[in-house]
Visitor: 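This is the structure I want to talk about, given as structure tokens.
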Amino acid sequence: MGPLSASRRSVKALSGLAVAVPKLASIGTAGAPRTHDPALRRCAGLLLLRSFPSFSSSSSKYPEYEMPSVTWGVVQGRREKLVSRVIVCDYLKGIGIIPDELENLELPSTVEVMRERVEFLQKLGLTVDDINEYPLMLGCSVRKNVIPVLGYLEKIGIQKSRLGEFVKNYPQVLHASVVVELAPVVKFLRGLDVEKQDIGYVLQKYPELLGFKLEGTMSTSVAYLISIGVCPRDIGPMVTQYPYFLGMRVGTVIKPLVDYLVSLGLPKKIVARMLEKRAYILGYDLEETVKPNIDCLISFGVRRESLASVIAQYPQILGLPLKAKLSSQQYFFTLKLKIDPEGFAEVVEKMPQIVSLNQNVIMKPVEFLLGRGIPSEDMAKMIVKCPQLVALRVELMKNSYYFFKSDMGRPLKELVEFPEYFTYSLESRIKPRYQRLQSKGIRSSLNWFLNCSDHRFEERMQAQYIERDFEGPSFRIGGKLELPGGQIVSDEEVESDDEVLYRRTVSL
């Protein structure tokens, strides 16, 4: 048979190959028809490449990542599949990966493909131990799953250097669809007024958000918070501060906590203001932390009717290791400041932040006042009456004290009777008002000219007589503001209980 016949046979075989390209694609080069004709083999390879250009390792939609090479599998029978699986699992065991959890997972048919997956994950910063924590990630195709997900995460603000840490914390993200699962969650967060530049930060704090259904827990949590008075515009900042509440169930976590706080005397709108500023309060466990802390406050002498005021002033007290802190501070107050447990409870009611205040900080203003000649017994009375003294900066106290002694020329007894003097600004209140008194030739107590609003002070300056001193307004949960002696407070100074709590909350 001559060369012409051989050529005709080659052309005929080539035309048949063109028809059989899909079959060739399914079985790969390893299963191509056996032929010794070099021209035929080259043409077969050329047809495969032209028919499947998308599988070329040189083309990539994500050039910032190094694409793996494509290793075609082989159509195998059951026996061949088992053999290939054993070989791949032996490779994994050889590098320290335990493949037990991969029993029901479809694995690559060759070690080369599995090696590329492992090396890609290691380049992200994952170790063999990390992979062993969630070996199912080895079932994700680098090209189809991993690279599109990583590209999207980087696009929404997660730094490329942090992607490995993100995958380590939430490896399930590698199984997600960008279009169907990830993008809708990001859109939902933007709809809650989470700033675009904060999306990456929120997801790094709580990556599990990417696995939630929009119509489930997230939506109901937001709807409930708005129903109790949380401003919709504050939801975004709350999510940025503490995104975990989006994963909390309303019926079993959020609502029971809110209802309990309301039962202590806090109106819902005050609870709403607290949550707007400190969303992490929602993370305090009601049964294990909040209720025991309330019982602890009562056991240390805090009155039940004062609990709402204590919480409004210092909401964090609900989540502290309170028994240890109260025990330590009470002992310190008794030993160093000569204040008995009853006086300590009164201090906690007036300034609950005292439970977290460093004892060295407390002693600085105390030592300053003791150094000015105030007896320790009087010092104890001053602290019980005005606990804010122990949190003041000594530098500011010095300036106020020297003005009191040099310019005003008053005895220490007046400071003992009105320790609140140190809590007023020297430049904006004490000096201007004292100078007004001097210009009119009026001499009054510190309480009379400092413990009133600017409007009331002007009224007093225009009056023909000086009112006698009264203590400041007293506050009790469930009652009105009253002055000692049954005096009536002018309308502009009357505050309801809710207004007092609101003022204490928003001033935090």
Side-chain angles (χ1 to χ4, degrees), residues 57 60-71 73 84-186 189 198-213 242-244 246-247 283:
S57 62
S60 172
K61 293 182 180 179
Y62 302 93
E64 66 271 26
Y65 298 105
E66 182 181 348
M67 284 294 193
S69 62
V70 178
T71 305
S84 297
R85 190 177 187 89
V86 169
I87 294 173
V88 170
C89 289
D90 285 344
Y91 160 73
L92 293 175
K93 291 177 182 178
I95 62 175
I97 296 175
I98 303 171
D100 296 353
E101 293 185 34
L102 305 177
E103 182 178 351
N104 299 319
L105 193 69
E106 184 178 352
L107 298 178
S109 59
T110 66
V111 170
E112 287 74 14
V113 175
M114 181 56 78
R115 181 183 292 113
E116 285 170 348
R117 292 185 183 182
V118 172
E119 291 177 350
F120 190 93
L121 293 172
Q122 289 177 330
K123 286 179 182 178
L124 283 177
L126 274 69
T127 64
V128 169
D129 290 337
D130 296 331
I131 296 174
N132 276 326
E133 287 290 325
Y134 189 78
L136 296 179
M137 68 176 72
L138 295 175
C140 296
S141 165
V142 172
R143 182 177 295 270
K144 294 179 180 179
N145 298 95
V146 182
I147 289 178
V149 167
L150 296 181
Y152 182 74
L153 292 177
E154 189 175 357
K155 178 183 176 183
I156 61 176
I158 299 176
Q159 296 178 0
K160 192 172 183 178
S161 59
R162 306 292 296 274
L163 288 174
E165 181 183 352
F166 190 93
V167 172
K168 178 181 177 180
N169 293 333
Y170 186 60
Q172 294 89 336
V173 72
L174 297 179
H175 300 287
S177 164
V178 171
V179 176
V180 177
E181 296 169 285
L182 304 187
V185 172
V186 172
L189 294 176
D198 292 333
I199 293 291
Y201 172 76
V202 168
L203 292 177
Q204 285 182 83
K205 287 181 70 174
Y206 193 32
E208 288 83 357
L209 281 178
L210 291 172
F212 291 159
K213 293 182 179 180
Y242 190 76
Y244 308 99
L246 291 176

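The model shown is predicted, which means the values in this text are computed figures rather than measured ones.
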Visitor: Looking at CD1 of Ile87 and CG of Leu107, how far apart are the two atoms once the value is rounded to the nearest 0.5 Å?
Guide: 12.5 Å
Visitor: Please determine whether the number of non-hydrogen atoms from other residues, nucleotides or ligands lying under 6.0 Å from atom CD of Gln172 exceeds 12.
Guide: yes
Visitor: To the nearest 0.5 Å, how far apart are CG in Asn132 and CD in Glu101?
Guide: 8.5 Å
Visitor: Are the side chains of Val118 and Leu92 in touch, meaning some heavy atoms are under 4.5 Å apart?
Guide: yes
Visitor: Could you walk me through whether Asp198 and Leu189 pass the side-chain contact (heavy atoms from CB on, under 4.5 Å) test, one step at a time?
Guide: CA-CA 10 Å; Asp198 292 333; Leu189 294 176; over 6 Å; no
Visitor: Please report the closest heavy-atom contact between Pro184 and Val178, naming both atoms and the distance.
Guide: CD-O, 4.3 Å
Visitor: At their closest point, which heavy atom of His175 faces which heavy atom of Tyr134, and how far apart are they?
Guide: NE2-OH, 3.1 Å
Visitor: To the closest 0.5 Å, what do you measure between CD (Gln122) and CD1 (Ile95)?
Guide: 6.5 Å
Visitor: Show me the side-chain donor-acceptor pairs of residues 201-212 shorter than 3.5 Å, one per line, residues at least two apart or across chains.
Guide:
from: Gln204; atom 1: NE2; to: Gly200; atom 2: O; distance (Å): 3.4
from: Lys205; atom 1: NZ; to: Gln241; atom 2: O; distance (Å): 2.6

Visitor: Give the minimum heavy-atom separation between Tyr152 and Ala183, together with the two atoms involved.
Guide: OH-CA, 3.1 Å
Visitor: Rounded to the nearest 0.5 Å, what separates atom CD1 in Ile156 from atom CD1 in Ile199?
Guide: 7.0 Å
Visitor: Before you tell me yes or no, could you show the steps for Ile97 and Leu102 under side-chain contact (heavy atoms from CB on, under 4.5 Å), namely the whole-Å CA-CA distance, both residues' side-chain angles and the distance that decides it to 0.1 Å?
Guide: CA-CA 11 Å; Ile97 296 175; Leu102 305 177; 5.5 Å; no
Visitor: Which heavy-atom pair separates Arg143 from Pro148 by the least distance, and what is that distance?
Guide: O-CD, 3.4 Å
Visitor: Does Glu154 use its side chain to pair, donor to acceptor, with the backbone of Leu150 at less than 3.5 Å?
Guide: no
Visitor: Pick out which of Leu138, Val142, Leu121 makes a side chain to side chain contact (heavy atoms under 4.5 Å, CB included) with Leu174.
Guide: Leu121
Visitor: Please indicate whether Leu105 has more than 12 foreign heavy atoms, meaning atoms of other residues, nucleotides or ligands, lying under 6.0 Å from its CG.
Guide: yes
Visitor: Taking atom SG of Cys89 and atom CD of Glu103, what is their separation to the nearest 0.5 Å?
Guide: 9.5 Å
Visitor: How many angstroms lie between atom CG of Leu153 and atom CZ of Arg162, to the nearest 0.5 angstrom?
Guide: 13.0 Å
Visitor: Before you tell me yes or no, could you show the steps for Arg117 and Val113 under side-chain contact (heavy atoms from CB on, under 4.5 Å), namely the whole-Å CA-CA distance, both residues' side-chain angles and the distance that decides it to 0.1 Å?
Guide: CA-CA 6 Å; Arg117 292 185 183 182; Val113 175; 4.1 Å; yes
Visitor: Would you please name every residue forming a salt bridge (charged side-chain N to carboxylate O under 4.0 Å, His left out) with Asp130, sequence neighbours left out?
Guide: Lys168
